Amino acid sequence: MTATITVTFKEGVLDPEGKTVFNALQNLGYDSFKSVSTGKIFKIDVDATDKSRVREEIDEACRKLLANPVIEKYLIEVSE
């Protein structure tokens, strides 16, 4: 199985990289873009057959290491 975890900032948290990219896009003439948010994606190959167990383990890994739950949110997708 492969788990894909997308980590982004929670609403209201400053995203200086996103703001910098947004400003650069505006300077390049992309005036219709309204905002830019940044984040990170993790892809983890897991040797397991129980999808719900994989999701539980990945959720635990997110809370312990992959994301900062105080300022970030994450989405877990598990595929076979």
Side-chain angles (χ1 to χ4, degrees):
M1 291 187 199
T2 299
T4 303
I5 304 100
T6 304
V7 180
T8 57
F9 289 110
K10 290 181 176 177
E11 293 294 324
V13 174
L14 294 178
D15 181 357
E17 184 178 2
K19 182 69 173 167
T20 299
V21 171
F22 175 74
N23 289 339
L25 290 168
Q26 293 282 293
N27 289 336
L28 291 172
Y30 295 101
D31 296 329
S32 64
F33 294 1
K34 299 181 92 175
S35 67
V36 174
S37 299
T38 62
K40 52 194 168 195
I41 295 175
F42 298 94
K43 285 192 179 259
I44 301 175
D45 292 325
V46 182
D47 185 16
T49 56
D50 185 342
K51 199 172 185 175
S52 64
R53 179 70 184 137
V54 168
R55 183 175 291 280
E56 288 175 14
E57 288 181 339
I58 295 294
D59 184 64
E60 182 179 302
C62 286
R63 286 183 275 115
K64 289 183 175 179
L65 178 69
L66 302 177
N68 178 347
V70 174
I71 61 170
E72 295 174 320
K73 59 187 176 184
Y74 53 88
L75 172 67
I76 301 168
E77 298 174 82
V78 179
S79 60
E80 297 189 31

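These numbers were taken from a predicted model, which means no experiment stands behind them. Note: hydrogens, waters and symmetry copies are ignored here, and every other heavy atom, side chains too, is used.
Classification of E60 and R63 as a salt-bridged pair fails, no side-chain N sitting under 4.0 Å from a carboxylate O. By the 4.0 Å N-to-carboxylate-O rule, D15 lies too far from K19 to be salt-bridged with it.
The closest side-chain heavy-atom distance from T38 to F9 is below 4.5 Å. By the 4.5 Å heavy-atom criterion applied to side chains, V7 and K73 are not counted as neighbours. Contact annotation: the side chain of K43 approaches that of T4 to within less than 4.5 Å [non-hydrogen atoms, C-beta and beyond].
Taking the salt bridge (Lys or Arg N to Asp or Glu O under 4.0 Å) definition, one finds that E77 meets it with nothing, sequence neighbours left out. Not counting sequence neighbours, S35 has no partner by the side chain to side chain donor-acceptor pair (under 3.5 Å) test.
Heavy atoms only, all atoms of each residue included: V78 and M1 are closest at CG1-SD, 3.8 Å. Taking both residues in full, the closest heavy atoms of F33 and F22 are given as O-CE1, 3.2 Å, listed atom of the first, atom of the second, then distance.
In this structure, the side chain of K10 engages the main chain of P69 through a donor-acceptor pair within 3.5 Å.
Atom CD of E17 has 12 or fewer heavy atoms from other residues, nucleotides or ligands within 6.0 Å. Annotation for L28: atom CG counts as buried by contact number, over 12 foreign heavy atoms lying within 6.0 Å.
Between atom CD1 of residue I5 and atom NZ of residue K40 there is a gap of 11.5 Å, rounded to the nearest 0.5 Å. Distance OG1/T6 to CG/L66: 11.5 Å, rounded to 0.5 Å.
Each of F42 and L75 belongs to its own hydrophobic cluster when Ile, Leu, Val, Met, Phe, Trp and Tyr are linked at side-chain heavy-atom distances under 4.5 angstrom. The hydrophobic clustering, which links ILVMFWY residues whose side-chain heavy atoms are closer than 4.5 Å, places L65 and I76 together.
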